[in-house]
Amino acid sequence: MADERKSLEQRAQMTDIERLRHSAAHVLATAILKIWPDAQFAAGPPVENGFYYDVELGHRISPEDFEKIEAEMKKETKANHVFERVVLPRDDALSMAQRGLLGALGERSSPSKFKLDIIQNIPEGEEISIYRNGEFTDLCAGPHVMRTGNIGAFKLTHVASAYYKGDEKNPQLQRIYGTAFKNKTQLDEYFAMLEEAKKRDHRKLGKELELFTFDDQVGPGLPLWLPRGTAIIEELEKLAKETEFAAGYVRVRTPNLARESLYKTSGHLPYYADSMFPPMVVRKNEQFRVFWENWEKKQNQLHEETVPNLFPDLKDPDVRAKISGMSPDETNRWLEARIVNMGQEATNAFNKMAVDNFIPTLMMAQVAPVEDRFYLKAMNCPHHHKLYAAIPRSYRDLPLRLAEYGTCHRYEQSGELFGLMRVRSLQMNDAHIYCTEDQFESEFLAVNEMYLKYFKLFGIEKYVMRFSTHDPAKLGQKFVDNSQLWLKTEDMVRGVLQRSGINYVEVPNEAAFYGPKIDVQVWSAIGREFTIATNQVDFAQPKSFGLVYKDSDNTEKTPLCIHRAPLGTHERFIGFLIEHYAGNFPLWLAPEQVRILPIGDEPALLDYARAIQNELRSYQVRAELDASSDHMKTKIANAEQMKVHTMLVIGNRDMEANAVSLRVHGKGNLGAKPRDDVIADILAAIKERRA
RNA sequence: GCCGAAGUAGCUCAGCUGGUAGAGCAGCUGAUUCGUAAUCAGCAGGUCACGGGUUCGAGUCCCGUCUUCGGCUCCA
């Protein structure tokens, strides 16, 4: 934490609205203290859409308390107190904190403990200041507005919990959120904007437009795609297949499960196990099980009789307890260490025992393990690596680009689940590119170009590329332990990014376990930030899988692997698209592309309507017919509500002229047009994926 | 996972300090035959998330579970 604290200079760069909101946080603290004088305050900064203050308090603040708190805040802003800044020596600040005077209205029996801690973390030599407004005094570097009255309009929004300094080992505090503006008009506009954003929320639209659903019995984070949502999925897959085919990819298919050992090889189990569903254990047949259990019994018996004689300290219950807590590997290491120190006679006895008992047992275990564990795959890469390995590869085969819309399952923490944006079953726009080091740059750039092409197609303008690198302190825990390769690969990626002039930000400690990655962040309508696409360089897995190609000099070399998913996952990408388009999809993506609305239900008219529907469907257009007895206005209202892209209204006038009356969602009535022209234009718009 | 809030018909929601579960839309049946955002009437629809408890009596109060939502990065 300490190394991430903002310098005084950075703080001074607060914008006007941040300054106002930071001041509102002080007013909030003032109000809370008026009601609960023993409140202990930690930090109260401005944030993106408002401010918060973290407080420790016996009383649980609930939204019902907001009115009371806001009333006290109102008094404080009405009083229009000056924000007064006082610079003081460190010792004075410490003594004030000791007397409970900081984040307080006056002297208190218990010290201002969080403030005390904060002062102690201020580097020597940095200026320490306090701010006063009315009776309230707080340790604060500022800056603030001139007077409390300058905070024109504010509102408390919600309360949540947060650990002090974000560390779960620290006490849990109540975080009171609010927002503030210069005046009431701006505050009202902000809340109106939030209301608008709520209408775009993919969870709400997904239900209204019948795109997907969740079911308790199926399980949390496991979306079910309704036919209308599935139509979008299929359009995206079509897009990906066409794009990838043109870029020289080949498609593959792999199962959703694999044996445990695959994930040991890939590194998922050591580095990624928390994000995987627990294994499925498949037992061998009964006959073998009985046989195996007898072996185990015999082995236990041997253990009881022989091993303590060889290792007398095993008679000590403490030593035995320690060993029984060890993993098989640790036990072996312990044994090896003991054997080295044994006398010749004991060594011989031990070796004989090993030959007679352990080795046959061990062999049996290898030939037919007693249980077989399968894991649901969390990533497609291990399976793809096996496809690479299935056929001998030459340098002439590279780059090899294996693509699959693979289904993966990840055991996300329950609190992380969020609509379609964070789920436990996901289909990834995945591909793995195996290439030589020389080919890396052009392959990497081609992937980036593919991203940009997609973003242009979808009109995604606000995005940020994040280049995530490793943290040397976490090698071997979070990241594959090979410092040199990390640095080399990161340099390589950084070089390509710089040479190609791509705008990016670099963030440490967020790489994949097998290599650095580039993520594309976008923002949902609700303002949440999401990684929509990803591009990762893998220097670890090809090696651990023993992947090779025969180079032109007749030597075997290990290829590099680029993992890429420009369209991310169906779940997150469609969740994003729903909000991006507010449910008003372009024709090519629209779940229902065309609805035909006959005026009345005379047989001749219905025949004409059906003929148009059949023609459109023969071209794979998702066209429906509303043959209900509803009135025209009702049919239109129904179609508009479902955001059907194109409505073809047909009455007798149209039928007689071989025409249709065109109505487009969001554009209204466009009048009667020749039937063939309208159909031709629909087909062209779909083919071009017109916006 | 942790802290907090919520869960009533397919959907949106009402249901007061405990006293016989309601509306609109959707659905079904019938009538209406109509030119660009909702024609009329009738019918049906519920183990009030699930499980336990308190009570003469629980949608309402208490406990547990499940699910969803808001947070858990910033930081005087």
Side-chain angles (χ1 to χ4, degrees), chain A residues 1-2 4-6 8 10-11 22 25-26 29 41-48 51-54 60-64 93 97 102-103 112 114-119 121-122 126-131 138-142 157-168 170 172-177 201 203-204 207-208 210 213-221 274 411-419 507 510 526 528-529 597-602 605 629-641 647-654 661-665 668-672:
Chain A
M1 277 300 130
E4 285 168 34
R5 63 191 299 283
K6 281 187 182 161
L8 289 178
Q10 285 170 310
R11 291 185 54 95
H22 180 48
H26 278 229
F41 289 92
V47 284
E48 196 176 348
F51 62 88
Y52 66 78
Y53 218 128
D54 282 346
R60 279 238 158 264
I61 295 178
S62 82
E64 285 160 25
L102 294 179
S112 304
F114 301 114
K115 301 292 175 185
L116 202 57
D117 181 59
I118 290 161
I119 296 171
N121 283 314
I122 295 177
E126 193 175 297
E127 191 176 77
I128 295 180
S129 59
I130 57 168
Y131 269 84
D138 202 357
L139 175 73
C140 181
T157 50
H158 51 280
V159 54
S161 82
Y163 295 105
Y164 180 55
K165 292 184 171 172
D167 186 340
E168 61 186 332
N170 287 335
Q172 200 154 33
L173 308 174
Q174 302 188 59
R175 179 169 289 183
I176 320 295
Y177 281 89
D201 190 322
R203 293 166 295 184
K204 183 177 154 71
K207 192 180 273 183
E208 286 170 1
E210 297 176 7
T213 186
F214 286 92
D215 185 279
D216 268 13
Q217 248 185 334
V218 173
D274 285 352
Y411 193 68
E412 302 287 359
Q413 291 184 31
S414 61
E416 301 285 355
L417 300 176
F418 176 73
V507 277
E510 293 196 8
I526 321 158
R528 280 210 194 207
E529 185 184 302
L597 313 174
I599 304 170
D601 56 3
E602 289 159 35
L605 195 63
S629 61
D630 288 332
H631 288 190
M632 192 66 250
K633 279 173 178 282
T634 310
K635 287 183 180 182
I636 286 171
N638 288 339
E640 290 283 359
Q641 213 158 42
M647 287 150 276
L648 302 181
V649 175
I650 47 179
N652 286 321
R653 286 207 302 266
D654 301 296
S661 290
L662 184 65
R663 181 184 171 97
V664 173
H665 178 65
N669 184 5
L670 301 180

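Lettering of chains follows the sequences in order, A, B, ..., and the numbering in each one begins at 1. Quick note: numbers below take in every heavy atom, side chains included, and nothing from hydrogens, waters or symmetry partners.
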Partner nucleotide of [N] by Watson-Crick or wobble geometry (both distances under 3.5 Å):
| N | result |
| --- | --- |
| U47(B) | none |
| G24(B) | C11(B) |
| A31(B) | U39(B) |
| G19(B) | C56(B) |
| U68(B) | A5(B) |
| U73(B) | none |

Taking the minimum atom-to-atom distance to the side chain of [X], which one of [options] wins?
| X | options | value |
| --- | --- | --- |
| Ala43(A) | A76(B), U36(B), U39(B) | A76(B) |
| Asn638(A) | G70(B), A76(B), A38(B) | A38(B) |
| Asp216(A) | C66(B), A37(B), C72(B) | C66(B) |
| Ala637(A) | C75(B), A38(B), A76(B) | A38(B) |
| Ser661(A) | A37(B), U36(B), A76(B) | U36(B) |
| Tyr177(A) | U67(B), C75(B), G71(B) | G71(B) |
| Ile128(A) | A76(B), C75(B), C34(B) | A76(B) |
| His665(A) | G35(B), U68(B), A37(B) | A37(B) |

Handout entry: Contact check, side chains of Ile599(A) and Lys635(A), non-hydrogen atoms, under 4.5 Å
Key =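 They are not in side-chain contact.
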Handout entry: Any Pro45(A) side-chain heavy atom under 4.5 Å of Phe51(A) side chain
Key =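 Counting from C-beta outward, Pro45(A) and Phe51(A) never come under 4.5 Å.
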From [atom1] of [X] over to [atom2] of [N], roughly how many Å is that when rounded to an integer?
| X | N | atom1 | atom2 | value |
| --- | --- | --- | --- | --- |
| Leu139(A) | A76(B) | CG | C1' | 4 Å |
| Gln413(A) | C2(B) | CD | P | 10 Å |
| Asp630(A) | U32(B) | CG | P | 15 Å |
| Lys207(A) | A26(B) | NZ | P | 18 Å |
| His22(A) | C74(B) | NE2 | C1' | 13 Å |
| Lys633(A) | U32(B) | NZ | P | 21 Å |
| Glu602(A) | U32(B) | CD | P | 14 Å |

With a 3.5 Å cut-off and heavy atoms only, can you find an N or O donor on one side and an acceptor on the other between the side chain of [X] and the base of [N]?
| X | N | answer |
| --- | --- | --- |
| Ser629(A) | U32(B) | yes |
| His631(A) | U33(B) | no |
| Asp654(A) | G35(B) | yes |
| Gln641(A) | A37(B) | no |

Practice task
Kindly say if Thr634(A) contacts the phosphate of C34(B), meaning a side-chain N or O under 4.0 Å from OP1 or OP2.
Solution key: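 It does not, given that no N or O in the side chain of Thr634(A) lies less than 4.0 Å from OP1 or OP2 of C34(B).
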Practice task
Tell me whether the OP1 or OP2 atom of A76(B) has a side-chain N or O from Lys115(A) closer than 4.0 Å.
Solution key: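 It does not, given that no N or O in the side chain of Lys115(A) lies less than 4.0 Å from OP1 or OP2 of A76(B).
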Handout entry: C1' spacing across the pair A58(B) / C2(B), given as an integer number of angstrom
Key = 32 Å
Problem - Gap in Å between the two P atoms, one belonging to A23(B) and one to G15(B), rounded - result: 15 Å
Handout entry: Minimum heavy-atom distance between Leu605(A) and Gly600(A), given as atom pair plus value
Key =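 For Leu605(A) versus Gly600(A), the nearest heavy atoms are CD2-O, 4.2 Å.
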Exercise for the section: Check Lys115(A) against Phe41(A) and note the closest heavy-atom contact, atom names and distance. Expected result: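 Taking every non-hydrogen atom into account, CE-O, 3.5 Å.
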Hey, does [X] reach any base, or is it just sugar-phosphate, or nothing, if we go heavy atoms under 4.0 Å?
| X | answer |
| --- | --- |
| Phe114(A) | nothing |
| Leu597(A) | nothing |
| Gly221(A) | sugar-phosphate |
| Gly419(A) | sugar-phosphate |

Handout entry: Nearest-nucleotide comparison on RNA chain B, the residue closer to the 5′ end among Glu412(A) and Arg653(A)
Key =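 With Glu412(A) and Arg653(A) compared, the 5'-side residue is Glu412(A).
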Problem - Whichever of Arg663(A) and Asp138(A) has its nearest RNA chain B nucleotide further upstream toward 5' - result: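 Taking each residue's closest nucleotide, the earlier one in sequence belongs to Arg663(A).
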